[in-house]
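Structure record follows, encoded as structure tokens.
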Amino acid sequence: MTDAAALPGRPRGGVLSGPATARAVNVLAPNASAMTLDGTNTWILSEPGSARAVVIDPGPLDEGHLRNVVDTAERAGKRVALTLLTHGHPDHSAGAARFAELTGTKVRALDPKLRLGDEGLSGGDVVTVDGLELRVVPAPGHTADSLAFHLPADGAVLTGDTVLGRGTTVVSHPDGRLGDYLDTLRRLRSLTVDDGVHTVLPGHGPVLEDAQGAVEYYLAHRAHRLAQVETAVENGHRSASDVVARVYADVDRSLWPAAELSVRAQLEYLREHGLI
């Protein structure tokens, strides 16, 4: 068995649901799969001693899960005051409208189609609730509407699907673009170097204790995959499906459709830069 401390980002062992930092509690959704890992992490954030909380990514439309999130907050003496979305994929957002009904909250997101209420979200915004401060970080790449949330008081960043607690993520071409994704990873690396971020609270998988190590691993992984795709094309593998079969031969075949999205993004990136 591999020691977790030796893995990229140093994933935290143990049960995923429950307190993760002084201000963050995870409620794991019951939607585990090859793509969602253990399930979607729904984050409840609040300042210690405060009466109100913020929820990030209510998750799928699962009544039991949504009520569990509300109950978890209430058991801690908190009322959910606001709902935020990292992006619009259904495993993160499909339950948002029902969750808003249960809590009487507005839903803020980058994509206007996902919002309930007049206020959206964009990079540079600061969200405050009862002393809790969240800084909105633009994070396009996995999807065009992806956001991350910097929680400076805990030295943490909530990354949605941009950085996962285990494995790597998909660039969901054509909505997601590799160039944007690489810029986002560099932006997150800057948070770890310049802004004291040391913990990743991901949208799936365990908490990562070494944020800089995780981001550096993601950047290195992308560079390696890009080089592999470029070599595959040079060797005559022109279609995305052919490249997947060549480059992702070591990956579970059930994940090949998702890998093909990333390959399409990689091929587009290589063409744009005149490399193929």
Side-chain angles (χ1 to χ4, degrees), residues 1-28 32 34-45 48 56-57 84 86-87 92 123 132-142 146-171 176 178 180-227 250-251 255 262:
M1 181 178 293
T2 302
D3 182 1
L7 295 173
R10 288 196 290 119
R12 184 182 297 175
V15 178
L16 297 186
S17 283
T21 69
R23 293 164 180 80
V25 173
N26 181 31
V27 181
L28 182 64
M35 288 296 293
T36 60
L37 304 181
D38 309 273
T40 301
N41 294 333
T42 294
W43 292 102
I44 303 173
L45 307 177
I56 294 181
D57 289 352
L84 308 177
T86 60
H87 66 298
H92 294 257
L132 179 79
E133 179 184 296
L134 287 169
R135 301 175 185 174
V136 183
V137 180
H142 170 67
S146 287
L147 297 170
F149 297 94
H150 177 198
L151 179 56
D154 284 348
V157 61
L158 295 100
T159 54
D161 282 356
T162 298
V163 174
L164 304 178
R166 185 170 65 251
T168 57
T169 198
V170 172
V171 179
L178 181 59
D180 291 340
Y181 186 64
L182 294 174
D183 288 343
T184 289
L185 291 177
R186 295 182 189 110
R187 191 174 298 116
L188 293 177
R189 180 172 58 186
S190 178
L191 288 179
T192 71
V193 173
D194 301 326
D195 295 285
V197 167
H198 49 73
T199 301
V200 173
L201 306 177
H204 303 279
V207 171
L208 298 177
E209 305 279 11
D210 177 14
Q212 185 173 348
V215 174
E216 294 286 1
Y217 171 77
Y218 266 58
L219 284 164
H221 171 79
R222 284 295 165 196
H224 178 64
R225 283 297 195 207
L226 196 61
D250 60 334
V251 174
L255 298 175
S262 285

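Keep in mind that the numbers below use all heavy atoms, side chains included, and drop hydrogens, waters and symmetry copies.
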Identify every side-chain donor-acceptor pair in residues 213-221 under 3.5 Å, counting partners at least two apart or on other chains, and give the distances.
{"unit_1": "Tyr218", "atom_1": "OH", "unit_2": "Leu164", "atom_2": "N", "d": "2.9"}
{"unit_1": "Tyr218", "atom_1": "OH", "unit_2": "Gly167", "atom_2": "O", "d": "2.9"}

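- Here the straight-line distance linking atom CZ of Arg222 with atom OG of Ser262 works out to 4.5 Å at 0.5 Å rounding.
- Side chain of Asn26 to backbone of Trp43: no donor-acceptor contact under 3.5 angstrom is found.
- The two residues Gly205 and Pro202 have their closest heavy-atom pair at O-CG, 3.6 Å.
- By the ring-ring contact (aromatic ring centres under 6.0 Å, His included) test, His204 pairs with His92, sequence neighbours left out.
- A donor-acceptor contact shorter than 3.5 Å is absent between the side chain of Thr159 and the backbone of Thr162.
- Looking at Leu151, Leu134, Ile44, Leu147 one by one, the single match for side chain to side chain contact (heavy atoms under 4.5 Å, CB included) with Ile56 turns out to be Leu134.
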Test side chain to side chain contact (heavy atoms under 4.5 Å, CB included) applied to Leu226 and Leu178, step by step: CA-CA 10 Å; Leu226 196 61; Leu178 181 59; 3.7 Å; yes

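- The main-chain N or O of Thr42 is never found under 3.5 Å from a side-chain atom of Asp57 such that the two would form a donor-acceptor pair.
- Distance check: Asn41 CG to Ser17 OG gives 7.5 Å after rounding to the nearest 0.5 Å.
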Steps toward side chain to side chain contact (heavy atoms under 4.5 Å, CB included) verdict (Val207, Thr199): CA-CA 7 Å; Val207 171; Thr199 301; 3.5 Å; yes

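- Pairing each heavy atom of Pro140 with each of Arg187, the nearest pair is CD-NH1, 4.2 Å.
- One N or O on the side chain of His142 and one on the backbone of Val170 form a donor-acceptor pair closer than 3.5 Å.
- Judged purely by distance below 3.5 Å, without hydrogens or angles, the side chains of Asp161 and Thr169 never pair a donor atom with an acceptor atom.
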Distance-only donor-acceptor pairs under 3.5 Å for side chains of residues 190-197, two or more places apart:
{"unit_1": "Ser190", "atom_1": "OG", "unit_2": "Asp194", "atom_2": "OD2", "d": "3.1"}
{"unit_1": "Thr192", "atom_1": "OG1", "unit_2": "Arg189", "atom_2": "O", "d": "2.6"}

